[in-house]
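Numbering of residues begins at 1 and proceeds along the displayed sequence.
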Amino acid sequence: MICENHTQVTEFILLGFTNNPEMQVSLFVLFLLIYSVTLLGNFLIVTVTSVDPALQTPMYFFLRNLSLLEVCFTLVMVPKMLVDLVSSRKSISFVGCGTQMYFFFFFGSSECFLLSMMAYDRFVAICNPLRYSVIMNRSLCLWMAIGSWMSGVPVSMLQTAWLMAHPFCGPNTIDHFFCDGPPVLKLVTQDTTMYEMQALASTLLFIMFPFSLILVSYTRIIKTILMMSSATGRQKAFSTCSSHLIVVSLFYGTASLTYLRPKSSQSPESKKLVSLSYTVITPMLNPIIYSLRNNEVKGAVKRTVARKVFRKLDIS
């Protein structure tokens, strides 16, 4: 739509976290450290699950996809956030804002469905172990991964195209550290009731539907585990699910606080903190959680490092 008697916004200003120069430098160092750990941890998971023969199973295939998603997810926001912390002008173009929003929705929605696929994998492994290799064959795993990645396309296209098609004729200051839907929506100079209804429906579909699948899977898993006669078997079954449960709780817990709470119940500062937790902190914690709580991953990391050390020694 065309703005009457006003100029259409061509760029946005991101307020970020603070205007204090000293605080900005401290946050830059902190977030740069977190981002470095995130990249190192997730690329380490991708490497060991790709090269170690003991980790060529559906569970680690999906974990590898999760780590790739986390890298892409953080790449959408963190580099821009780091640049803004050391820049005097924290601007982003209209097209750049729409692009960032699109990929944020895309990777966020894809992660929701990938986490549900990982829950289904654990369900089959524990509830139907004798047919696990038959059910979770290579072809099915590949299609489940492709479906998870592509599930983010419709919601990201709809949300972004519809929102950015609204007129932006007034303020261009976004009280956030990236172009998320709710803070950008506040700048629209038109009634947004229809969009908000669609956004709520999309949120319920692309967050709650995969979460419901996870709940159903773990309800069956817990029921099966409690029926096991061996205490060792119960402990082993719980240990294979604990890392995934922690990751699901972190991701869905913080995402729900952002998108399923009433507008009036959150201040801009609290929204930034919650968004920071699932866009920056959680991607860093995921590889740590899977590494510390999984003996197979820890063993694979040690073997991978040992192979590289021995190769260097042989070369020298």
Problem set entry | Neighbour count >12 (heavy atoms, 6.0 Å) for atom CZ, R220 | no
For this session: Supply the atom-to-atom distance L69 CG to L115 CG, rounded to the nearest 0.5 angstrom.
Result: 8.5 Å
Problem set entry | Distance, nearest 0.5 Å, that separates CG of L33 from OG1 of T38 | 9.0 Å
Problem set entry | Interatomic spacing from CZ in F238 to CE in M228 - rounded to 0.5 Å | 9.0 Å
Exercise. Is there a side-chain contact between D175 and K272 (heavy atoms, below 4.5 Å)?
Worked result: yes
Problem set entry | Side chains of Y132 and P58 in contact at under 4.5 Å (non-hydrogen atoms) | yes
Seminar exercise, completed: Taking every heavy atom of T279 against every heavy atom of S275, the minimum-distance pair comes out as OG1-O, 2.6 Å
Exercise. Does a side-chain N-to-carboxylate-O contact under 4.0 Å join R89 and D84?
Worked result: no
Problem set entry | Mutual orientation of the aromatic rings belonging to F106 and F103 [parallel < 30°, tilted 30-60°, perpendicular > 60°] | perpendicular
Exercise. Hey, does the side chain of K90 reach the backbone of G16 with a donor-acceptor pair shorter than 3.5 angstrom?
Worked result: no
Problem set entry | Minimum side-chain heavy-atom gap V188-L163 below 4.5 Å | yes
Exercise. Mind checking whether C141 and F62 have side chains closer than 4.5 Å, heavy atoms only?
Worked result: yes
For this session: Quick one: closest heavy-atom pair of S243 and I289, and the distance?
Result: OG-O, 3.7 Å
For this session: May I have all residue pairs that pass ring-ring contact (aromatic ring centres under 6.0 Å, His included) and include part of residues 72-93, sequence neighbours excluded?
Result: F73-F104
Exercise. What residues form a salt bridge (charged side-chain N to carboxylate O under 4.0 Å, His left out) with R131, not counting sequence neighbours?
Worked result: none
Problem set entry | Evaluation steps, side-chain contact (heavy atoms from CB on, under 4.5 Å), between K80 and F178 | CA-CA 8 Å; K80 172 61 178 171; F178 72 98; over 6 Å; no
For this session: Please report the shortest heavy-atom distance between I126 and C241, naming the atom on each side.
Result: CD1-SG, 3.3 Å
Exercise. With the 4.5 Å side-chain cut-off for hydrophobic clustering, are Y218 and L226 part of the same group?
Worked result: no
Exercise. Is there a donor-acceptor pair under 3.5 Å between the side chain of S93 and the backbone N or O of G96?
Worked result: yes
Exercise. So, Q198 and S202: side-chain donor and acceptor under 3.5 Å apart, yes or no?
Worked result: yes
For this session: Return yes if some donor-acceptor pair links the side-chain N/O of H166 with the main-chain N/O of Q190 below 3.5 Å, else return no.
Result: no
Problem set entry | For D121 against M136, the heavy-atom pair lying closest together | OD1-CE, 3.7 Å
Seminar exercise, completed: Interatomic distance, OH@Y290 vs OG@S242, rounded to 0.5 Å, equals 9.0 Å
Exercise. Checking R64 side chain against V46 main chain: does a donor-acceptor pair fall under 3.5 Å?
Worked result: no
Exercise. How about E11: does its CD atom have over 12 heavy atoms from other parts shown lying under 6.0 Å from it?
Worked result: yes
Exercise. Going from CG on L14 to OG on S87, what distance comes out if it is rounded to the nearest 0.5 angstrom?
Worked result: 11.0 Å
Exercise. Is there a donor in the side chain of N42 and an acceptor in the side chain of E70, or the other way round, less than 3.5 Å apart?
Worked result: no
Exercise. Where do S67 and N286 land on the side-chain contact (heavy atoms from CB on, under 4.5 Å) test, with the steps shown first?
Worked result: CA-CA 8 Å; S67 292; N286 286 353; over 6 Å; no
For this session: Please name all residues satisfying side chain to side chain contact (heavy atoms under 4.5 Å, CB included) with T160, sequence neighbours left out, ordered by chain then number.
Result: M101, Y102, F105, M164
Exercise. What distance separates I214 CD1 from R122 CZ, expressed to the nearest 0.5 Å?
Worked result: 14.0 Å
Seminar exercise, completed: Tightest non-hydrogen contact, residues L82 and L32, listed as CD2-N, 3.7 Å
For this session: Check I135, V216, L213 against Y120 for a side chain to side chain contact (heavy atoms under 4.5 Å, CB included) and give me the one that passes.
Result: I135
Anything under 3.5 Å between a donor and an acceptor, one on a side chain of residues 145-153, the other on a protein residue two or more places apart or in another chain? List them.
unit_1: S148; atom_1: OG; unit_2: M144; atom_2: O; d: 2.9
unit_1: W149; atom_1: NE1; unit_2: N65; atom_2: OD1; d: 3.0
unit_1: S151; atom_1: OG; unit_2: S148; atom_2: O; d: 2.6

Problem set entry | V280/T74 under side-chain contact (heavy atoms from CB on, under 4.5 Å): CA gap, chis, key distance, verdict | CA-CA 7 Å; V280 179; T74 55; over 6 Å; no
Exercise. What's the verdict on side-chain contact (heavy atoms from CB on, under 4.5 Å) for F107 and V76, showing C-alpha distance, side-chain angles and the deciding distance?
Worked result: CA-CA 9 Å; F107 291 121; V76 173; 3.7 Å; yes
Problem set entry | Donor + acceptor pair across side chains of T18, N20 (<3.5 Å) | no
Exercise. Relative to the ring of F113, is the ring of F209 parallel (under 30°), tilted (30 to 60°) or perpendicular (over 60°)?
Worked result: tilted
Problem set entry | Any L44 side-chain heavy atom under 4.5 Å of P287 side chain | no
Problem set entry | Any donor-acceptor pair under 3.5 Å from N137 side chain to V134 backbone | yes
For this session: Answer yes or no: are there more than 12 heavy-atom neighbours, outside M157 itself, under 6.0 Å from its atom CE?
Result: no
Seminar exercise, completed: Residue pairs passing the ring-ring contact (aromatic ring centres under 6.0 Å, His included) test with at least one member in residues 28-61, sequence neighbours excluded, are F17-F31
Problem set entry | Same cluster (ILVMFWY, side-chain, under 4.5 Å), M81 and L15 | no
For this session: Only counting residues at least two apart or in another chain, list the ones meeting ring pair (Phe, Tyr, Trp, His ring centres under 6.0 Å) with F94.
Result: F12, F168
Exercise. Between I221 and A119, which heavy-atom pair has the shortest distance, and what is it?
Worked result: CD1-O, 4.2 Å
For this session: Could you tell me whether the side chain of T282 and the main chain of S277 form a donor-acceptor pair under 3.5 Å?
Result: yes
Exercise. When clusters are formed by joining ILVMFWY residues with side-chain heavy atoms under 4.5 Å apart, either directly or through shared neighbours, do L273 and F251 land in the same one?
Worked result: no
For this session: Answer with yes or no whether the hydrophobic clustering places V86 together with I34; edges join I, L, V, M, F, W, Y residues whose side-chain heavy atoms lie under 4.5 Å apart.
Result: yes
Exercise. Do L245 and I222 share a hydrophobic cluster (ILVMFWY, side-chain heavy atoms under 4.5 Å, transitive)?
Worked result: no
Problem set entry | S26 side chain vs E22 backbone, donor-acceptor pair below 3.5 Å | yes
